[in-house]
Amino acid sequence: MSVVIKEVTSKKELKKFVKFNIELYKGNPYHVPGLIEEEMVTLDKKKNPAFEVCDAIYFLAYKDGKVVGRIAGMINRRSNETWNQKHARFGFVDFIDDVEVVDALFGAVEKWAKEQGMEAIHGPMGFTDMNHEGMLIEGFDQIGTMATIYNYPYYPKQMERMGYDKDQDWHEFKIYIPDGVPEKHLRIGEIVKKKYGLKVMKFKNAKSIMPYAQKVFQTLNESYAPLYGFARLTQKQIDYYINMYIPMLRYDLVTLIVREEDDEVVGFGISLPNLSKAMQKAKGHLFPFGWIYLLKALKSKPKVIDLYLTGVLPEYQSKGVNALLFNDLIPVYKSVGAVYAESNPELETNNAVQAQWDYFKREHHKTRRAYIKKWTN
């Protein structure tokens, strides 16, 4: 039987769309399933404030009456305005290793993108940089993280077969926690604090960090502005992410660098215990027992730390603010027994970010790629 492509138009079909990823990777030791409830909200055009600036369509592929693939087409209008381009995005993409299925899925999303007046499509990307992006092309024998996509090795082969080209790569590192803060970091940190009038802020609970939450996202908007595909988050998006993420922070693993004269956030480092094993045990469900695995992992003494979000205002970049962040966080990581940190994706062209690991033992263990296909000059 030939492949049938159907647009997702109901909540029941959207749930099939979300659950297909979990079903396709059932039993895979490296895949980390997301939470079904969370992804349903992300894809809900009435609940996700990204739809203030985004359009989207979702497709399911069926063969012999069974779901065999999924793909989302998205247009972030704000990103296109920022970068002066007419690009659609594809994301939330999974498929069996079948040429007919892959061609039908991408054919549907490319047709939609052309009908919207777009000149190219790239991905995998999400609505914003806060969603998963980048297809794994190296590191298939490494467990994924909560912040990244895991995919089978046949995915990139299918992309290349269809004529998609490399648009951007991200590298990921295991960064081994040193026994102590490097001496150079200590010296730089003290100089930077005095020269720029900065202080290190720590927090004990959500109530104490909440007055700085908006400032953190303002700093994120400024520091991420030059990065591939980034578009500034709207106020509604910021509020959405604050409500989503602040309650799940592990506060000893969060450090802010604040300007003393006006209490503005010039840098932040937000890390979490690695939740990969807990997410695997949850199997996509927060209830009835998934939350127990996640809560236990969040409160644990983790062997692995996820460097979830780091940002420094442009005017303070390359001035040693990162040294201040790690001067505070390294002793915390050691105290909880962490062996290494997962960097999560870093653009291969972002030399400043890569350089911050020069004083640490590190291992480049994963690479992921955004592909692009253009159809007009």
Side-chain angles (χ1 to χ4, degrees), residues 171 173-205 207-227 246 249-273 301-302 304-344 346-347 350-363:
H171 293 170
F173 299 92
K174 285 182 181 178
I175 301 142
Y176 292 89
I177 312 299
D179 291 333
V181 180
E183 185 65 32
K184 186 170 183 178
H185 275 63
L186 289 171
R187 291 199 310 271
I188 291 171
E190 286 306 309
I191 292 168
V192 168
K193 265 204 302 189
K194 291 174 183 175
K195 184 174 181 180
Y196 299 107
L198 305 178
K199 61 181 178 180
V200 176
M201 297 284 296
K202 299 295 289 186
F203 305 91
K204 291 186 177 179
N205 50 44
K207 184 178 179 181
S208 63
I209 198 172
M210 197 58 79
Y212 292 91
Q214 292 284 341
K215 297 178 180 181
V216 166
F217 277 94
Q218 289 163 11
T219 300
L220 182 147
N221 265 345
E222 295 296 325
S223 60
Y224 283 36
L227 301 183
I246 292 291
L249 291 179
R250 169 81 175 259
Y251 298 102
D252 58 332
L253 303 181
V254 175
T255 300
L256 303 187
I257 308 301
V258 174
R259 205 159 48 207
E260 287 186 320
E261 65 176 7
D262 56 10
D263 221 27
E264 288 302 311
V265 174
V266 305
F268 61 87
I270 299 173
S271 46
L272 286 169
K301 288 198 166 186
V304 183
I305 296 287
D306 274 2
L307 303 182
Y308 199 63
L309 282 175
T310 304
V312 175
L313 285 176
E315 60 265 36
Y316 287 91
Q317 290 173 10
S318 303
K319 291 183 177 177
V321 172
N322 280 11
L324 271 179
L325 288 170
F326 289 109
N327 287 359
D328 178 77
L329 287 168
I330 287 170
V332 177
Y333 296 160
K334 288 302 291 185
S335 72
V336 300
V339 176
Y340 68 88
E342 286 272 4
S343 72
N344 283 308
E346 299 176 348
L347 287 166
N350 194 339
N351 295 323
V353 170
Q354 310 271 330
Q356 72 182 337
W357 311 128
D358 286 348
Y359 296 94
F360 301 95
K361 179 185 174 185
R362 63 180 178 175
E363 176 189 343

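Pairs of residues two or more places apart, or lying in two chains, never qualify as ring pair (Phe, Tyr, Trp, His ring centres under 6.0 Å) while including a residue from residues 251-270.
A distance of 14.0 Å separates CD1 of Ile188 from NZ of Lys193, quoted to the nearest 0.5 Å. Atom-to-atom distance recorded for Asn205:CG and Met210:CE is 10.0 Å, nearest 0.5 angstrom. Rounding to the nearest 0.5 Å places NZ of Lys334 at 4.5 Å from CG of Asp179. Here the CG atom belonging to Leu347 is positioned 9.5 Å from the NE2 atom belonging to His171, to the nearest 0.5 angstrom.
Judged purely by atom type and a 3.5 angstrom limit, Asp306 has no side-chain atom pairing as donor or acceptor with the backbone of Tyr308.
In this structure, Glu363 and Tyr176 have side chains that are in contact, with non-hydrogen atoms separated by less than 4.5 Å. Counting heavy atoms from C-beta outward, Val200 and Ile257 have side chains that approach closer than 4.5 Å. When side chains are defined from C-beta on, Ile175 counts as touching Leu307, because their heavy atoms get closer than 4.5 Å. Using a 4.5 Å heavy-atom threshold, the side chains of Asp263 and Lys215 count as touching.
You'll find the ring centres of Phe203 and Tyr212 inside the 6.0 Å limit.
The number of heavy-atom neighbours closer than 6.0 Å to NZ of Lys199, taken from other residues, nucleotides and ligands shown, is above 12. Around atom CZ of Phe360, more than 12 heavy atoms belonging to other residues, nucleotides or ligands sit under 6.0 Å away.
The two residues Lys301 and Ser335 come nearest to each other via the heavy atoms NZ-O, 4.0 Å. The shortest heavy-atom contact between Ile246 and Ala213 is CD1-CB, 4.2 Å. For the residue pair Leu253 and Pro273, the shortest heavy atom distance occurs at CD1-CD, 3.6 Å.
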Output a table of donor-acceptor pairs, distance under 3.5 Å, between side-chain atoms of residues 312-333 and any protein atom two or more places apart or on a different chain; print 'none' if there are none.
{"unit_1": "Tyr316", "atom_1": "OH", "unit_2": "Arg259", "atom_2": "NH1", "d": "3.3"}
{"unit_1": "Gln317", "atom_1": "NE2", "unit_2": "Val312", "atom_2": "O", "d": "2.7"}
{"unit_1": "Lys319", "atom_1": "NZ", "unit_2": "Glu315", "atom_2": "O", "d": "2.9"}
{"unit_1": "Asn322", "atom_1": "ND2", "unit_2": "Gln356", "atom_2": "OE1", "d": "2.4"}
{"unit_1": "Asn327", "atom_1": "ND2", "unit_2": "His185", "atom_2": "O", "d": "2.9"}
{"unit_1": "Asn327", "atom_1": "ND2", "unit_2": "Ala323", "atom_2": "O", "d": "3.4"}
{"unit_1": "Asp328", "atom_1": "OD2", "unit_2": "Lys202", "atom_2": "NZ", "d": "2.9"}
{"unit_1": "Asp328", "atom_1": "OD2", "unit_2": "Thr255", "atom_2": "OG1", "d": "2.6"}
{"unit_1": "Tyr333", "atom_1": "OH", "unit_2": "Ser271", "atom_2": "OG", "d": "2.9"}

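Qualifying salt bridge (charged side-chain N to carboxylate O under 4.0 Å, His left out) partners for Arg362, counting only residues two or more places apart in sequence or in other chains: Asp358.
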message: Using the rule given for side chain to side chain contact (heavy atoms under 4.5 Å, CB included), can you reason through Val216 versus Leu309, listing the C-alpha separation, both sets of side-chain angles and the distance that settles it, and then say yes or no?
response: CA-CA 10 Å; Val216 166; Leu309 282 175; over 6 Å; no
